[in-house]
**Student:** 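Submitted below is the structure of interest, expressed as structure tokens.
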Amino acid sequence: HFKQIFSLAHAQAGLVPAAFFSAYFVVSPLAGKFLKAWRVRAGMLLALTIMLLGSLTFGIAALWTSFPVFLLALFMVASGGTLMQFFGNPFITQSGDPQSASRRLTQIIAFTPLGTSLAGPLCGPFLFGANQLSAIDVTWPYGLIALLLLFLLVLTFVLDWPQVESVPSKSTTKLSWFGVPQLRWGVVAMFAYVASEVAIGSFMVSTARLPEYGSHSSLVATRFVGLY
């Protein structure tokens with residue numbers, strides 16, 4: 001969708017997932033430090049606030065028709081999501097029976113592919129149903145997300161949630177992931193897997209529209225993304 005609105009080359013369109021996922025690389029080291037110094041609830045409030053501001057930034061980007069501002073908004077949303085993962089995981093782990101903590105984390109993670117599968121079929125008709133595309137077309141989903149984030153932000157602030165503290169490490173030994181072969185190669189494998197998955201998903205719509213791949217419409221191609 002970005003590619004069509006801004007008439008982007010494939011390399012430029014690749015900046016969209018790059019802006020989103022680079023937040024994980026940039027923010028993760030900072031999130032680790034925040035987790036040691038902040039209460040979990042305060043960290044979740046910070047994460048929700050950043051995601052809310054990022055969602056609202058899409059409106060500014062649409063008014064200015066500015067692709068760099070769109071990228072900034074994506075980076076902000078992903079930054080808040082990264083912080084939420086860091087602070088949300090301890091909250092989920094410590095807010096119930098320790099024996100079922102791994103099951104609760106697995107259930108939360110399961111919602112990610114579910115959202116990806118449903119987003120294409122649900123949002124595709126609205127984003128690609130019109131003949132004339134505009135920057136405004138891509139902002140309304142983030143407007144809905146902003147309302148949901150505002151609701152969650154108020155709920156997190158108002159409700160009397162159980163006090164969950166970040167648990168500092170009792171070990172005084174500093175370990176580098178470079179020194180642990182399993183972890184080092186695990187990071188490399190995860191990077192290769194995510195890079196391949198994101199690259200295929202990002203260019204699936206534009207590839208499906210090519211004559212040699214069936215000349216599918218963008219609306220039909222979004223269903224392929226959901227299946228993928």
Side-chain angles (χ1 to χ4, degrees), residues 1-2 14-95 104-105 108-116 118-119 123 127 135-168 190-191 194-195 198 201-202:
H1 197 63
F2 283 107
L15 293 174
V16 173
F20 186 89
F21 287 98
S22 63
Y24 287 83
F25 181 79
V26 174
V27 177
S28 292
L30 300 176
K33 294 182 180 180
F34 288 155
L35 186 59
K36 294 180 181 179
W38 288 32
R39 291 177 180 267
V40 170
R41 185 178 183 182
M44 294 174 65
L45 290 172
L46 174 64
L48 289 169
T49 300
I50 294 175
M51 285 191 288
L52 174 60
L53 293 177
S55 298
L56 296 176
T57 303
F58 278 97
I60 300 175
L63 292 175
W64 293 354
T65 319
S66 172
F67 183 59
V69 180
F70 268 109
L71 296 180
L72 174 63
L74 282 170
F75 183 84
M76 293 174 64
V77 171
S79 298
T82 303
L83 288 173
M84 179 56 72
Q85 290 185 19
F86 268 83
F87 286 99
N89 286 347
F91 178 83
I92 296 170
T93 301
Q94 301 179 43
S95 59
R104 292 195 299 274
L105 288 172
I108 293 297
I109 295 172
F111 278 94
T112 300
L114 177 63
T116 304
L118 295 178
C123 297
L127 292 176
I136 298 296
D137 294 330
V138 81
T139 59
W140 71 264
Y142 289 95
L144 296 178
I145 293 174
L147 291 176
L148 177 60
L149 290 171
L150 180 61
F151 172 74
L152 293 175
L153 182 63
V154 174
L155 200 65
T156 304
F157 182 79
V158 173
L159 291 183
D160 185 20
W161 289 34
Q163 292 295 324
V164 179
E165 303 289 342
S166 58
V167 181
M190 181 62 70
F191 178 84
V194 174
V198 172
S202 299

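Please read all numbers here as calculations on a predicted model, not as lab measurements.
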**Student:** Against Ser55, only a single residue in Leu148, Ile145, Leu150, Leu144 fulfils side-chain contact (heavy atoms from CB on, under 4.5 Å); can you say which?
**Tutor:** Ile145
**Student:** What distance do Leu83 atom CG and Leu46 atom CG have between them, rounded to the nearest 0.5 Å?
**Tutor:** 5.5 Å
**Student:** Roughly how far, to the nearest 0.5 Å, is CZ of Arg41 from CZ of Phe157?
**Tutor:** 7.5 Å
**Student:** Looking at OG1 of Thr156 and CZ of Phe151, how far apart are the two atoms once the value is rounded to the nearest 0.5 Å?
**Tutor:** 9.5 Å
**Student:** Any chance you could measure Leu149, atom CG, to Leu53, atom CG, to the nearest 0.5 Å?
**Tutor:**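 Result: 10.0 Å between the selected atoms.
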**Student:** What are the two closest non-hydrogen atoms of Gly54 and Val77, and how far apart are they?
**Tutor:**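 That closest heavy-atom pairing would be C-CG2, 3.7 Å.
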**Student:** Looking only at heavy atoms, which two atoms of Ser79 and Ile50 are closest? And how far apart?
**Tutor:**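 In this case the closest contact between Ser79 and Ile50 is CB-CG2, 4.4 Å.
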**Student:** Pairs under 3.5 angstrom only: tabulate donor-acceptor contacts from the side chains of residues 14-24 to other protein residues two or more places apart or in another chain.
**Tutor:**
residue, atom, partner, partner atom, Å
Ser22, OG, Ala18, O, 2.9
Ser22, OG, Ala19, O, 3.1

**Student:** Rounded to the nearest 0.5 Å, how far does CH2 of Trp64 lie from OG1 of Thr57?
**Tutor:** 9.5 Å
**Student:** Could you tell me the separation between the CG atom of Leu152 and the CE atom of Met84, rounded to the nearest 0.5 Å?
**Tutor:** 7.5 Å
**Student:** Which heavy atom of Val69 sits nearest a heavy atom of Ser66, and at what distance?
**Tutor:** CG2-OG, 3.1 Å
